[in-house]
Amino acid sequence: MLETSARLLRLLSLLQSPREWPGSELAERLGVSGRTVRNDIERLRTLGYPVDATRGSTGGYRLAAGSAMPPLLLDDEEAVAVTVALRGVAQSALAGMEETSVSALAKLEQVLPARLRRRVRTLQRYAVTVPADRPAPGADTDLLMTLTAACRDHERLRMEYRDHSGASARRLVEPQRVVNWGRRWYLVAWDVDREDWRTFRVDRLTPRLPAGPRFAPREDPGGDAAAYVAGRASAAAWRHRARATVHAPAAEVLQRINPAVGSVEAVDEGTCVLHTGADSLDSLAVHLGMLGLDFTVTEPPELVAHLRELAARYARSTEGSSPAASSR
């Protein structure tokens with residue numbers, strides 16, 4: 001009986017993977033005959049697990065969705081991964097999920113084997129997260145579900161949106177993606193009135209339901225909604241913007257920068273233009289210097305003056321130093 005129970009648990013674990021299992025493969029994995037597999041499938045059905053079967057050369061068995069959630073069977077690495085993920089959700093910007101994730105985490109830790117419980121608690125105790133520089137507003141889970149459902153169903157969305165100054169305006173959009181960046185959530189959508197892509201902070205919008213008519217879906221802006229948000233959100237916070245000619249191929253420069261840092265335009269095979277920005281001139285100078293490539297700044301004038309001042313300062317810092325002395 002113990003052997004049969006262990007085999008049923010192993011069979012259930014295999015069926016929980018998102019694929020269809022031929023009976024012959026299940027028999028080989030379990031080390032039993034095809035008849036035993038069929039009998040075990042019937043035992044699982046008797047216990048309430050909905051196992052679907054299809055006939056033919058490409059047929060097999062798979063666990064279907066049922067009215068109740070069956071117990072999950074996780075291997076060691078899966079159990080650790082789920083536990084760590086739950087703790088991350090508890091510390092995330094999803095409003096209302098803290099208590100739920102902590103409750104689920106407690107249930108999971110309670111049934112973990114001692115060897116895994118020790119690994120998880122060690123990871124939780126000695127692995128820490130640097131908090132965000134500034135607290136960010138949490139995103140309401142129901143709101144995220146509303147927005148993602150509108151993206152999935154390609155339904156226009158009417159909403160009230162507050163800008164950074166607090167002024168509110170009505171917007172009509174065609175939602176495309178919901179993007180998470182750090183502790184903030186953004187809606188990427190086609191603004192119907194402005195006929196262009198726009199990024200909206202989720203904590204600043206209030207949808208007006210029901211949703212509007214359906215629309216024809218578009219490709220993500222620039223082919224990557226996450227990169228689009230990174231670039232737009234960063235640029236919105238820049239106090240200083242710069243344009244620099246980099247004496248290197250555009251492909252090489254793109255490999256050295258994050259999309260949030262700026263955009264690159266190819267001029268010819270060996271030259272490109274980098275559009276970037278930062279909160280301070282010092283930050284801009286550092287970012288450009290870290291490219292490790294020759295560049296010429298054309299704007300803004302205050303950055304050009306700042307770079308000249310830095311160049312003179314660096315030159316003075318090496319006065320009186322000889323190559324021989326610096327090598328010792």
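Considering all non-hydrogen atoms of both residues, Val264 and Ala250 come closest at CG1-CB, 3.8 Å. When all heavy atoms are compared, the tightest approach of Val297 to Leu303 is CG1-CD2, 3.8 Å. In this structure, Pro221 and Val188 approach most closely via the heavy-atom pair CG-CG1, 3.8 Å. A pairwise comparison of heavy atoms in Pro210 and Arg158 identifies O-NH2, 2.8 Å as the closest pair. Nearest heavy-atom pair, Ala226 versus Val179, reported as atom, atom and distance to 0.1 Å: CA-CG1, 4.1 Å. Taking all atoms of both residues into account, the shortest heavy-atom contact from Pro207 to Leu157 is CB-CD1, 4.1 Å.
Formation of a donor-acceptor pair under 3.5 Å by the Arg214 side chain with backbone atoms of Arg156 is not found in this model. Side chain of Thr298 to main chain of Arg243: a donor-acceptor pair is present (N/O by atom type, distance under 3.5 Å, no hydrogens or angles). Under a 3.5 Å cut-off, the side chain of Asp153 and the backbone N or O of Glu155 do not form any donor-acceptor pair. Side-chain atoms of Asp163 come within 3.5 Å of backbone atoms of Ala167 as a donor-acceptor pair (strictly under, hydrogens ignored). For Thr271 (side chain) and Val267 (main-chain N/O), no donor-acceptor pair under 3.5 Å exists by modelled atom type. In terms of modelled atom types and a separation under 3.5 Å, the side chain of Tyr161 and the main chain of Arg201 share a donor-acceptor contact. Between the side chain of Thr146 and the main chain of Asp142, a donor-acceptor pair closer than 3.5 Å is present. A side-chain donor-acceptor contact under 3.5 Å links Arg45 to the backbone of Val51. A side-chain donor-acceptor contact under 3.5 Å links Thr122 to the backbone of Arg118. One N or O on the side chain of Thr54 and one on the backbone of Gly60 form a donor-acceptor pair closer than 3.5 Å.
Of the N and O atoms on the side chains of His247 and Thr296, at least one donor lies less than 3.5 Å from an acceptor on the other residue.
Under the 4.5 Å side-chain heavy-atom criterion for Ile, Leu, Val, Met, Phe, Trp and Tyr, Leu47 and Leu12 are members of the same hydrophobic cluster. Two different hydrophobic clusters hold Leu205 and Leu172 under the rule that ILVMFWY side chains link at heavy-atom gaps under 4.5 Å. Both Val178 and Leu143 are assigned to one and the same hydrophobic cluster, defined by single-linkage of ILVMFWY side chains at heavy-atom distances under 4.5 Å. Hydrophobic clustering (side-chain heavy atoms under 4.5 Å, transitive across Ile, Leu, Val, Met, Phe, Trp, Tyr) keeps Val192 apart from Val173. Cluster annotation: Leu288 is connected to Leu254 through the hydrophobic network of ILVMFWY side chains, with a link wherever side-chain heavy atoms come within less than 4.5 Å.
Side-chain contact check for Tyr61 versus Leu26: some heavy-atom pair is nearer than 4.5 Å. Counting heavy atoms from C-beta outward, Ile41 and Leu11 have side chains that approach closer than 4.5 Å. Considering only heavy atoms from C-beta on, Arg241 stays 4.5 Å or farther from Thr276 through its side chain. In this structure, the side chains of Glu252 and Leu293 come closer than 4.5 Å at one or more pairs of heavy atoms. Between Val246 and Val273 there is no side-chain heavy-atom pair separated by less than 4.5 Å. Side-chain contact between Leu14 and Glu25 is absent, with no heavy atoms from C-beta onward closer than 4.5 Å.
Counted within 6.0 Å of CD on Glu28, heavy atoms from surrounding residues, nucleotides or ligands total 12 or fewer; the atom is thus considered open. Residue-environment remark: CG (Asp196) exceeds the threshold of 12 foreign heavy atoms within 6.0 Å. Counting heavy-atom neighbours within 6.0 Å of Arg170 CZ, excluding the residue itself, gives a total of 12 or less.
The CG atom of Asp193 sits 10.5 Å away from the CZ atom of Arg198 when rounded to the nearest 0.5 Å. A distance of 5.0 Å separates CD in Glu174 from CZ in Phe215, rounded to the nearest 0.5 Å. Here the CZ atom belonging to Phe200 is positioned 7.0 Å from the CG atom belonging to Leu187, to the nearest 0.5 angstrom. Residue Glu265 holds its CD atom at 9.5 Å from SG of Cys272, rounded to the nearest 0.5 Å. Taking CG of Leu44 as the start and CG of Asn39 as the end, the distance is 11.5 Å to the nearest 0.5 Å. In this structure, the separation between OG1 on Thr36 and CZ on Arg43 is 8.0 Å, given to the nearest 0.5 Å.
Electrostatic pairing of Glu309 and Arg313 counts as a salt bridge here, judged by a charged N lying under 4.0 Å from a carboxylate O. Residues Glu77 and Arg119 are paired through a salt bridge, judged by an N-O separation under 4.0 Å between the basic side chain and the carboxylate. Here Arg171 pairs with Asp191 in a salt bridge; the nearest charged N to carboxylate O distance falls below 4.0 Å.
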Intermediate values then yes/no, side chain to side chain contact (heavy atoms under 4.5 Å, CB included), Asp203 and Trp185: CA-CA 7 Å; Asp203 58 290; Trp185 293 83; over 6 Å; no
Kindly determine whether Leu15 and Arg62 satisfy side chain to side chain contact (heavy atoms under 4.5 Å, CB included), including the steps that lead there. CA-CA 6 Å; Leu15 292 175; Arg62 70 184 308 159; 5.6 Å; no
Can you list the steps and then say if Arg38 with Asp40 is a salt bridge (Lys or Arg N to Asp or Glu O under 4.0 Å)? CA-CA 5 Å; Arg38 292 191 292 273; Asp40 286 347; over 6 Å; no
Working for side chain to side chain contact (heavy atoms under 4.5 Å, CB included), residues Thr245 and Leu274: CA-CA 6 Å; Thr245 299; Leu274 171 63; over 6 Å; no
Show, in sequence, the C-alpha distance, side-chain angles and deciding distance for Arg10 and Arg29, and conclude whether the side chain to side chain contact (heavy atoms under 4.5 Å, CB included) test is met. CA-CA 9 Å; Arg10 174 59 178 159; Arg29 291 289 190 102; 4.0 Å; yes
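Under a cutoff of 6.0 Å and an axis angle of 45°, Arg218 and Trp190 form a cation-pi pair.
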